[in-house]
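This report concerns only the one structure given below.
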Amino acid sequence: MGPEIHADADVLARQAAQRLAELSGEAIRSSGCFTLVLSGGSTPNRLYERLADAEFSRKLDWGSIHIFWCDERCVPPDHPDSNYGMAFKSFIDRVPLPPRNVHRIRGEIKPRVAATAYEKKLRTFFFPGHADLPGVPGFDLILLGMGEDGHTASLFPKAVALHEQKRWVVAHHVKELESWRVTLTPRVINAAHDVFFLVTGPEKAGCLKEVLQGPYRPDELPAQAICPASGRLKWMIDAEAAHLL
Ligand code: 6PG
């Protein structure tokens, strides 16, 4: 599927919210619930704000929607950098989502402990009573952003986590940011039914061209490591980010 190019970031956010609403309806009709995985960053945040607008909020069956995170910065939930905190303010606090449906990564505890605890939470949710099964969770929809260096989730260039085959969630220190992050591994992201990459702004254009049209170098451009095994991958881009394609 070729990238979908939208006039600007607002149009893109509306289109993504519309598609998300359709996918949630389909998933809830077939399995009774919709598992949605969020990212941090400003591009996904515009979409979260749309979800709380009456137009979309009324369409969504919040009681059947479960919210997870792709990655978290290792800070408390009320810290301005917290991905959970951002989503909470943009929509979770503004819609009738039952608190038990919100499954956050605990950025306030030791990173490795938070990663292990989050993986345990996911295993219990997806394989209740059989948490040791070797499979991976099949999230309904994962939302991803992309940094100017080609990182996605908290998978930064040269991250060892890019090659992790066993664990679903890892903690690692990101040298460039001098901070710890907890992230899902590509193996888990690639098992999702649908993945949206949301990319906006002229500063992303050069990297986007490399990721989509350059040689395959996932260690340098982690966004290239995202390639769902049997799910669908959709690139949603605004005109500014797309201008070199
Ligand atoms: C994070 C992320 C990260 C983000 C991209 C894009 O916590 O920072 O999950 O992967 O989505 O960096 O962020 P922007 O849309 O702000 O550029």
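All heavy atoms count here, side chains included; hydrogens, waters and symmetry mates do not. Remember, it's 1-based here, ligands and their atoms both numbered in the order they're listed.
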* Asked: Does Lys158 pair with Glu220 as a salt bridge, N-O distance under 4.0 Å?
  -> yes
* Asked: Taking atom types as modelled, is there a side-chain donor on Asp238 or His6 under 3.5 Å from an acceptor on the other?
  -> no
* Would you call Lys234-Glu4 a salt bridge at under 4.0 Å N-O? -> yes
* Charged N to carboxylate O under 4.0 angstrom, Glu22 versus Arg19? -> yes
Check: every ligand 1 N/O to protein N/O pair under 3.5 Å:
from: ligand 1; atom 1: 7 (O); to: Asp71; atom 2: OD2; distance (Å): 3.1
from: ligand 1; atom 1: 7 (O); to: Arg73; atom 2: NE; distance (Å): 2.9
from: ligand 1; atom 1: 7 (O); to: Arg73; atom 2: NH2; distance (Å): 3.3
from: ligand 1; atom 1: 7 (O); to: Asn83; atom 2: OD1; distance (Å): 3.4
from: ligand 1; atom 1: 7 (O); to: Asn83; atom 2: ND2; distance (Å): 2.9
from: ligand 1; atom 1: 8 (O); to: Arg73; atom 2: NH2; distance (Å): 2.7
from: ligand 1; atom 1: 9 (O); to: Gly40; atom 2: N; distance (Å): 3.0
from: ligand 1; atom 1: 9 (O); to: Asp71; atom 2: OD1; distance (Å): 2.8
from: ligand 1; atom 1: 9 (O); to: Asp71; atom 2: OD2; distance (Å): 3.0
from: ligand 1; atom 1: 10 (O); to: Ala153; atom 2: N; distance (Å): 3.2
from: ligand 1; atom 1: 10 (O); to: Ala153; atom 2: O; distance (Å): 2.7
from: ligand 1; atom 1: 11 (O); to: Gly40; atom 2: O; distance (Å): 2.8
from: ligand 1; atom 1: 12 (O); to: His151; atom 2: NE2; distance (Å): 2.8
from: ligand 1; atom 1: 15 (O); to: Ser42; atom 2: N; distance (Å): 3.4
from: ligand 1; atom 1: 15 (O); to: Thr43; atom 2: N; distance (Å): 3.0
from: ligand 1; atom 1: 15 (O); to: Thr43; atom 2: OG1; distance (Å): 2.7
from: ligand 1; atom 1: 16 (O); to: Ser42; atom 2: N; distance (Å): 2.7
from: ligand 1; atom 1: 16 (O); to: Ser42; atom 2: OG; distance (Å): 3.0
from: ligand 1; atom 1: 17 (O); to: Lys204; atom 2: NZ; distance (Å): 2.6

* **Min side-chain heavy-atom separation Phe197-Leu212 under 4.5 Å** => no
* **Any Arg73 side-chain heavy atom under 4.5 Å of Arg181 side chain** => yes
